[in-house]
Amino acid sequence: MTTRVIIVDDQAMVRAGFAALLAAQSDIDVVGDAPDGVQGVELSRRVHPDVVLMDVRMPEMDGLEAARQLLDPPIGVTHRPKVLMLTTFDVDDYVYEALRAGASGFLLKDAPPADLISAVRIVAAGEALLAPSVTRRLIADFARQRPAPRKSRASLRLNGLTPRETEVLELIARGLSNQEIADALVLAEQTVKTHIGRVLAKLELRDRAQAVIFAYESGLVAPGGR
């Protein structure tokens with residue numbers, strides 16, 4: 001099955017380079033590109049891509065607002081693509097807001113070509129592109145910039161998890177990979193994957209990225225905590 005992709009970036013060379021790289025893959029079809037968020041949203045609604053590569057900083061409409069419009073469309077618009085943010089680490093807080101809006105992850109714009117191709121495939125498959133090392137960076141920024149969350153409706157939703165599922169969620173939020181979680185809890189990696197699937201289903205979360213954010217906003221993991 002071919003993955004349909006559009007590229008939204010204000011730099012023409014970036015759009016052309018990414019398009020050439022992705023179009024060379026037999027399972028990826030680049031169906032358009034746009035230089036800003038306004039045109040990106042319009043293009044997405046017209047061609048219905050599976051994945052949108054979205055730059056963070058652009059004129060007219062930035063990537064965060066464009067992601068919000070694509071992932072929370074008005075009544076009557078049913079298409080919701082996966083959104084992969086293209087960024088640098090100097091805008092971590094901005095990317096955090098994009099993940100809250102429902103973006104499936106983020107990728108550094110200077111990442112190796114193989115990483116870009118892999119990222120598109122991962123996101124198209126419904127997974128979050130949030131590698132453990134990236135998760136840890138996101139957590140560090142969260143802890144530095146944000147106060148501890150108050151009790152909220154999100155914290156009440158934790159009551160639906162089993163003790164084991166709660167442990168797994170906490171370890172996800174601390175940036176551990178599936179194998180590291182398996183080692184910490186003395187479980188098989190496949191068992192960890194099963195627990196993660198149940199956590200996401202019970203909390204109505206789309207992916208690992210949203211699980212990290214939920215763990216902090218619910219108070220399960222405190223910023224700066226160990």
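- Side-chain atoms of Gln69 and Arg45, non-hydrogen and from C-beta on, do get closer than 4.5 Å to each other.
- Residue Val120 is tested with Leu107, Leu53, Asp50, Val30 for a side-chain contact (heavy atoms from CB on, under 4.5 Å); the sole match is Leu53.
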For a quick test of your reading: what N or O donor-acceptor pairs under 3.5 Å do the side chains of residues 74-81 make, sequence neighbours left out?
unit_1	atom_1	unit_2	atom_2	d
His79	NE2	Pro49	O	2.8
Arg80	NE	Leu71	O	3.4

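- A distance of 12.0 Å separates CD1 of Ile117 from CD1 of Ile122, quoted to the nearest 0.5 Å.
- Comment: Lys109 engages Asp55 in a salt bridge, judged by a side-chain N to carboxylate O separation of less than 4.0 angstrom.
- When all heavy atoms of Met85 and Ala67 are compared, the closest pair comes out as SD-CB, 4.3 Å.
- Although no hydrogens or angles enter the test, the distance criterion places no donor-acceptor pair under 3.5 Å between the side chain of Thr191 and the main chain of Leu187.
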Taking it one step at a time, do Thr162 and Lys202 satisfy side-chain contact (heavy atoms from CB on, under 4.5 Å)? CA-CA 10 Å; Thr162 67; Lys202 287 183 177 182; 3.9 Å; yes

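- When the options Val47, Val51, Ile28 are evaluated for a side-chain contact (heavy atoms from CB on, under 4.5 Å) with Arg4, the one that passes is Val47.
- In this structure, Pro35 and Pro59 approach most closely via the heavy-atom pair O-CD, 4.3 Å.
- What you find for Leu176 and Ala184 is that their closest heavy atoms are CD2-CB, 4.5 Å.
- Between Thr2 and Ser26, the shortest heavy-atom distance links the atoms OG1-O, 4.3 Å.
- Here the CG-OG1 distance, from Asp29 to Thr3, works out to 9.5 Å after rounding to the nearest 0.5 Å.
- Put simply, CZ on Arg15 and CG on Leu86 are 12.0 Å apart, with the number rounded to the nearest 0.5 Å.
- A distance of 10.5 Å separates CD of Glu167 from CG of Leu220, quoted to the nearest 0.5 Å.
- With a 4.5 Å cut-off on side-chain heavy atoms, Phe18 and Asp9 do not count as touching.
- In this view, Lys193 satisfies the side chain to side chain donor-acceptor pair (under 3.5 Å) rule with no residue, not counting sequence neighbours.
- The minimum heavy-atom distance linking Asp62 with Glu65 is given by the pair OD1-N, 2.9 Å.
- In this structure, the side chains of Asp10 and Asp36 stay at 4.5 Å or more apart for every pair of heavy atoms.
- Under the side chain to side chain donor-acceptor pair (under 3.5 Å) criterion, Asp27 pairs with Arg121, sequence neighbours left out.
- Under a 3.5 Å cut-off, the side chain of Ser118 and the backbone N or O of Ala114 do not form any donor-acceptor pair.
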Where do Val192 and Ile196 land on the side-chain contact (heavy atoms from CB on, under 4.5 Å) test, with the steps shown first? CA-CA 6 Å; Val192 171; Ile196 292 174; 3.9 Å; yes

Using the side-chain contact (heavy atoms from CB on, under 4.5 Å) rule, take Leu171 and Val168 through it: C-alpha gap first, then chi angles, then the decisive distance, then the call. CA-CA 5 Å; Leu171 295 178; Val168 169; 5.9 Å; no

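- Between Val52 and Leu84 the shortest side-chain heavy-atom distance does not fall below 4.5 Å.
- Annotation: the span from Leu200 atom CG to His195 atom NE2 amounts to 13.0 Å, rounded to 0.5 Å.
- Listed for the Ser44 side chain is no donor-acceptor partner under 3.5 Å among the backbone atoms of Val41.
- Summarising the geometry of Leu205 relative to Ala211, their closest heavy-atom pair is CD1-CA, 3.7 Å, with the distance given to 0.1 Å.
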Please lay out, stage by stage, how Leu169 and Phe214 fare under the test side-chain contact (heavy atoms from CB on, under 4.5 Å). CA-CA 9 Å; Leu169 176 58; Phe214 179 89; 4.1 Å; yes

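- Atom CE of Met58 and atom CD of Gln39 lie 10.0 Å apart (nearest 0.5 Å).
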